[in-house]
Amino acid sequence: MPLKRAVLIDVDYTIKDGKTLVRLLMKGKRFFRLYDFYDPYFYIDAPISKKDEIMKASVDERGQKVSPTSVEEVTRTLFGKEKKLLKVTCLIPSAVPKLRDKLPHFPAYEYRILFGRRYMIDKNIAPFSTLIYEREGKFLKKIHRTADLPFSLRTAAFDIETYNPRGAPRPKLDPTIMISYANGKQQVITTKKIDKPFIEHAKDEKEMITQFCKLLSEQDIEVLLGYNSAVFDLPYLAARADILKVPLSLGRDGSSFRIRKMGIRETAEITGRLHIDLYSIIRFLGFIGALKVSKFTLENAYSEITGKKKYMVDRLAIHEMWDKGGEKLDTLADYSMMDAKATLELGSVVMPLEIEMSKLVRLPLFDTANATAGQLVESLLMHRSYHAGAIIPNKPGSEEAAEREKNPIQGAFVKLPQPGIYDNLAVFDFRGLYPSIITSHNIDPYTLNCDCCKQDSYVSPLGHRFCKKKKGLIPAVLADIISQRAKLKGELKALEKDSSEYTRLFARQQSLKILANSYYGYLAYARSRWYSREAGESVTAWGRHYIQETIKKAETAGFEILYGDTDSIFILLGQHSKDDALSFMKKINDALPGDMELELEAFYPRGVFVTKKGLGGKGAKKKYALIGEDGKIKIRGFELVRRDWSRIAKDTQMRVLEAILKEGSKEKAVKIVRDEIERLREGKVPLEDLTIYTQLNKSPGSYEIKSPELSAAQKAAKAGIKFDRGSLIGYVITKSGSTISDKAVVLELAQDYDPNYYIDHQVLPSVLKILKELGFSEDDLKFKGTQKGLGGFFE
DNA sequence: GCGAGCAGCGTACCT
DNA sequence: ACAGGTACGCTGCTCGCG
């Protein structure tokens, strides 16, 4: 038998003649399916004497009676201890949880694991790994080995434009007017005659949809990228296709797509292709802090991630551009084309990461693209747990999760800074603090308070003991991740930065980093399978211990410590040299256990720390600005990094900080503020620069209090502009009204602005705290002016 | 009746 | 729906003052 090779994409199953038929979606030259037989099972914690009782259990499934086909005694590790359990096998995956429910008086495990995942775990295979196998017809006969070989996927991106005379398009009334498509070749399918090379003419909307579907099958597209396509484009197309009575044949089998709810977001799955909604991925990367995107629109994500500009049209004017024709229509076509191209380009940035993450945690790409951090961590732990001979713990019930949530664990230490302007700082931080604490102290739910090393174990500052003899699952997985990443970083140095190998390995180290940083969170996550309050609180307790010890040692060595947050310490060099600081770092490192390491983040010639608002001049935590030796300014926490402050306040604050950090000129700083106040008074500032953006995290009806953003949203709703839960609302404080909420109006409807509000509540508060550090006293700033408010001081 | 002071809600940020 | 720690604006209340 000749050996074949192909890349595994995904696994699911179907039922054939009452038996489970596993379907492996594979990619050779193109996608194809392989079949295999495998029986589902779960575990019951009961003595073998209960075998007959268990064998008799039966459930109705797919119109047939399903009972266990075998019950056998096996030995596994359960909660860290060897135990005899009963492995109960049956024929139909969906019968497994039902059979378990028939036997509620026994503890049971692994009865709610999706069967495709079960198969991949048990066979030890990963998405995107190359299987080297034997086949017999359509059936997989034997996997000889797996390999990690390069491959590529035929990828296209699409986007639709819709007619929208009433603001938001209404799928029942408003047609799709353009479908753009990009995969190296680019086209816009539309019903109007437009003289552009990429235009593909269709005689009506019906034909437009058909042509789009035909493209996918003719070009044999394997990955279809969209932006918010699971929530907007695909459902919209489906609604139009339904009305027009034309099939929306997106899948390889002619089907359209299936909506699946994963977490809080809806996903759309296309049979035989990977439909990836980049919006979910960008949101995820933004949420965990791997990416900084201020606003999750395609335009914004594209320009902030690629650094390129994407021109925009006024969304509300799309129907006018369509109706007017001529140049406007040409512009609309260009815009539509650019949407698909931008989506494709965004895909080229994030897909390598998603593919590596999928391989690493062994979760199919579609699931990885829609997964939360918890699901990624859990997926890998489930695989590793199985291969360590351990039972996968169940998820907690909702009551237990609620109980855990009610009882949060203590977190990190943050040192109170003394406000001021400082010269010559050194910033150190612990490299991967929490991961390295976990591996270096073997912190795991099942190494906790072991019996085997009572005399010699790792004892946390809270008194919890962790085994020194047997490595825990989480420390083992983390140590593996950390060493893989270290190795990759070495390999990357030898590669050309624009090679495909570099892109792949860089994405791999990125995914390892994201994952490593998620384990502590998972340990303390209320819905975690491997939750342990003791383990979680030991991680943070050791974290507080090490940073506080390091601060003490630095002080003993004669340094002044300005600030520190979780894993960082800010040292004032004073009379010490840089070398003094580095030898201090070395001394610290000599005393640190295991994988733990203190690193130099950078030296900074100058930095600003400000006072907290209110209460007696104490320093503000999590707010500072530093200038590096390269002249680059690093800013944390200030209004200027927050999206819920107006651009005028943020720009002014930035310019003031630059004047101080770069030039040390308070005269210049004051002049900047004075000029901006003057511009505001004269009414010269455009409303865009005065807009405050805030997210509405609840549906507008469910707020307990009235806030400016809510009030603006309510006024907008009356004018026909809807803001749902989760939308970002931009509003301006106008002249009319008494309270600030009364004055708040969405940008689209705002006609004027209240200069006093922007002077007293935006520009001045953002710069006063900084100017105070230049020697202006609180009284100087508050009382030397006129009655008009603080602005008077600057006249 | 009015302003100061405060608690609570809500958002966005830091590590 | 991975964790906790923190700043701060706004609203709406209480309280003391006149």
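Here is the naming used below: chain letters follow the sequence lines, and residue numbers restart at 1 for every chain. This structure is a prediction, so every number in the text was calculated from the model and none was measured.
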Checklist entry - Rounded to whole angstrom units, what separation is found between the CD1 atom of A:I288 and the P atom of C:dA3? => result 14 Å
Checklist outcome for this item: Checking C:dA7, B:dG10, C:dC2 against the side chain of A:K612 (C-beta onward), the nearest is C:dA7
Item to check | Donor-acceptor under 3.5 Å (A:K623 side chain, A:E639 main chain) | outcome: no
Next on the checklist: Of the options C:dT11, C:dA7, B:dA12, whose atoms approach the side-chain atoms of A:I740 most closely?
Outcome noted: C:dT11
Checklist entry - Under 4.0 angstrom, heavy atoms only, what part of the nucleic acid is A:W645 near: base, sugar-phosphate, or nothing? => result sugar-phosphate
Next on the checklist: Tell me the interatomic distance from A:R533, atom CZ, to C:dG4, atom C1', rounded to whole angstroms.
Outcome noted: 12 Å
Checklist outcome for this item: The side chain to side chain donor-acceptor pair (under 3.5 Å) partner of A:Q509 among A:R485, A:K489, A:E356 is A:R485
Checklist entry - Which is true for A:V539 with a 4.0 Å heavy-atom rule: it touches a base, it touches only sugar-phosphate, or it touches nothing? => result nothing
Checklist entry - Which part of the nucleic acid, if any, lies within reach of A:T540 when heavy atoms closer than 4.0 Å are counted: base, sugar-phosphate only, or nothing? => result nothing
Next on the checklist: For A:Y546 and A:H441, take the angle between the two ring planes, folded into 0 to 90°, and tell me which bin it lands in: parallel under 30, tilted 30 to 60, perpendicular over 60.
Outcome noted: tilted
Checklist entry - What's the closest nucleotide to the A:E709 side chain, out of B:dT11, C:dG4, C:dC10? => result B:dT11
Next on the checklist: Output the rounded distance in Å from OH (A:Y434) to P (B:dC14).
Outcome noted: 17 Å
Next on the checklist: How many whole angstroms separate atom CD1 of A:I705 from atom C1' of B:dC9?
Outcome noted: 4 Å
Checklist entry - Hey, does A:K769 reach any base, or is it just sugar-phosphate, or nothing, if we go heavy atoms under 4.0 Å? => result sugar-phosphate
Item to check | Nucleotide nearest A:K622 when distance is taken to its side chain, options C:dA3, B:dC14, B:dT15 | outcome: B:dC14
Checklist entry - With a non-hydrogen cut-off below 4.0 angstrom, is A:N697 in contact with a base, only sugar-phosphate, or nothing? => result sugar-phosphate
Next on the checklist: Once you apply a heavy-atom cut-off of 4.0 Å, does A:G411 come out as touching a base, just sugar-phosphate, or nothing?
Outcome noted: sugar-phosphate
Next on the checklist: Taking any heavy-atom pair under 4.0 Å as a contact, classify A:R636: base, sugar-phosphate, or nothing.
Outcome noted: sugar-phosphate
Next on the checklist: Under 4.0 Å, counting only non-hydrogen atoms across every strand here, what does A:F287 touch: a base, just sugar-phosphate, or nothing?
Outcome noted: base
Checklist entry - Touch check for A:Y624, heavy atoms < 4.0 angstrom, all strands: base, sugar-phosphate only, or nothing? => result sugar-phosphate
Checklist entry - Within the structure shown, what part of the strands sits under 4.0 Å from A:Q410 by heavy-atom distance: base, sugar-phosphate, or nothing? => result sugar-phosphate
Checklist entry - Which nucleotide, C:dC2, B:dA12, C:dA7, lies nearest any side-chain atom of A:R643? => result B:dA12
Checklist entry - OP1 or OP2 of B:dC14 sitting under 4.0 Å from any side-chain N/O of A:K623? => result no
Checklist outcome for this item: Picking from C:dC8, C:dA3, B:dC13, the nucleotide nearest the side-chain atoms of A:V641 would be B:dC13
Next on the checklist: Checking contacts here: which listed nucleotide (C:dT6, C:dC8, B:dG10) is nearest the side-chain heavy atoms of A:V414?
Outcome noted: C:dT6
Checklist entry - Under a 4.0 Å N-O cut-off, is there an ion pair linking A:E537 with A:R544? => result no
Next on the checklist: Classify A:Y563 by what it touches in the nucleic acid, base, sugar-phosphate, or nothing, heavy-atom distance under 4.0 Å.
Outcome noted: nothing
Next on the checklist: How many whole angstroms separate atom CZ of A:R527 from atom P of C:dC2?
Outcome noted: 10 Å
Next on the checklist: For a quick check of understanding: with a heavy-atom distance under 4.0 Å over all strands, which category does A:S518 fall into, base, sugar-phosphate or nothing?
Outcome noted: base
Item to check | Minimum-distance nucleotide (side-chain atoms of A:Y525 versus C:dC2, B:dT11, B:dC14) | outcome: C:dC2
Checklist entry - Is the closest side-chain heavy-atom distance between A:W542 and A:P593 below 4.5 Å? => result no
Next on the checklist: Below 30° counts as parallel, above 60° as perpendicular, anything between as tilted: where do the rings of A:Y522 and A:Y525 land?
Outcome noted: tilted
Checklist entry - Reckon A:L376 touches a base, only the sugar-phosphate, or nothing at all at heavy-atom distances under 4.0 Å? => result nothing
